[in-house]
Colleague: 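Input: one structure, supplied below.
In this chain, numbering begins with 1 at the start of the sequence shown. Order of listing sets the numbers, starting from 1, for every ligand and every atom in it.
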Amino acid sequence: MPTPAPDRRRPARRRRVLTGDRPTGPLHLGHYFGTLQNRVRLQQTGVDLFLVIADYQVLTDRDLAHRPAEHAENLVLDYLAAGIDPELATVFTHSAVPALNQLLLPFLSLVSVAELGRNPTVKDEIAHSRQAAVSGLMFTYPVHQAADILFCKADLVPVGQDQLPHLELTRTIARRFNDRYRTDLLPEPEALLSDTPLLLGTDGAKMSKSRGNAVPLGATEDETARLLRGATTDADRHITYDPQRRPGVSGLVRLAALCQDRDPHAVAEEIGSGGAARLKATVTEAVNEHLRPLRTRRAALATDRGHLRAVLDAGNRRANAVADATLAEVRAVMGSV
Ligand code: TRP
């Protein structure tokens, strides 16, 4: 009888999930329904959740990160308000984790310049960049993102469609590293695509801070009303849910439906001939109602900047411990002194 292969599985540990955001401004409803809710659900299932605040990545498309520490703290504020629990999740800024950044060097040696040049998301970001010239950081940031993911040996990475090329590169880097150094040190992470389709902003295009069409989570009820009152609709008074033909109207209907956990067709039918004014009043009330507990928590948390800072400090300490351990392993298999 053949001898069974030795069990090479790692000792059982909690599934690790890593994802993150650039600290460029307040989170909005698109983030909330697209990813935040899902992160909180994942956290509740008992996974070991890491959230990276990608403060170096901010420098890829602008020359200066504007008040980075303040933005990082505000991101922590939005996370905590949405239900991220610092006892269960590790929130950190990648600039505060030197060992994570050092992984960039061996990882860069595993990818070709041509490969970096083909990345469709980077190409797109270069096209929209606020820099006069494309920096080396812009070109290499997907490799940095691989370090964000591999330093903690994440199993799962919840991301949007646009991040898939980076995840594929991360898997390639893990595979090549393991092949080159004959090891199984770096697991290949899986993408976890959100099943919530894109949330549209008040102009009928993708909700995004930079387009100025977003409703921030931290907006007051009056600001929310004002933003939604200015939303783009169309000339047809009868409200229907038809995302293809009526993106503006349907985006608002869907937002109300998400907030009320209802079917968008039912929401549209109820408004019927009430027209855009009725629709906007309905959405405003639905959003304000749904966000009220989150906003109450957020207002309370916002008064204690020291607490936000302490959450970040603790997260950075834990991320550093994990990154130091991984870097030591990486250096050992590479035979570094
Ligand atoms: N690149 C992501 C964005 O632009 C942010 C990010 C940085 C990230 N590092 C990550 C996401 C690691 C997932 C995993 O939104």
Colleague: Is the distance between the ring centroids of H144 and F107 less than 6.0 Å?
Modeller: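 No, ring centres 6.0 Å or more apart.
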Colleague: With R318 as reference, evaluate D48, D324, D313 under the salt bridge (charged side-chain N to carboxylate O under 4.0 Å, His left out) test and give the passing residue.
Modeller: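 Among the candidates, only D48 passes.
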Colleague: Salt bridge or not for E289 and R292, using N-O below 4.0 Å?
Modeller: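 Looking at E289 and R292, the cut-off is met.
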Colleague: Within the 3.5 Å criterion, strictly below it, is a donor on D21 or Y79 matched to an acceptor on the partner's side chain?
Modeller: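 Present: a donor and an acceptor within the cut-off.
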Colleague: Does the pair R295/E223 count as a salt bridge with the N-to-O cut at 4.0 Å?
Modeller: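 No, R295 and E223 are not salt-bridged.
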Colleague: Run through ligand 1 for me and note each protein residue having a heavy atom under 4.0 Å from it, chain first, then residue number.
Modeller: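 Near ligand 1, by chain and number: L18, T19, G20, R22, V52, A54, Q57, Q145, D148, I149, V157, V159, Q163.
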Colleague: Quick one: which residue pairs count as a side chain to side chain donor-acceptor pair (under 3.5 Å) with a foot in residues 242-252, not counting sequence neighbours?
Modeller: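 For residues 242-252: D234-R246, T240-R246, D242-R245.
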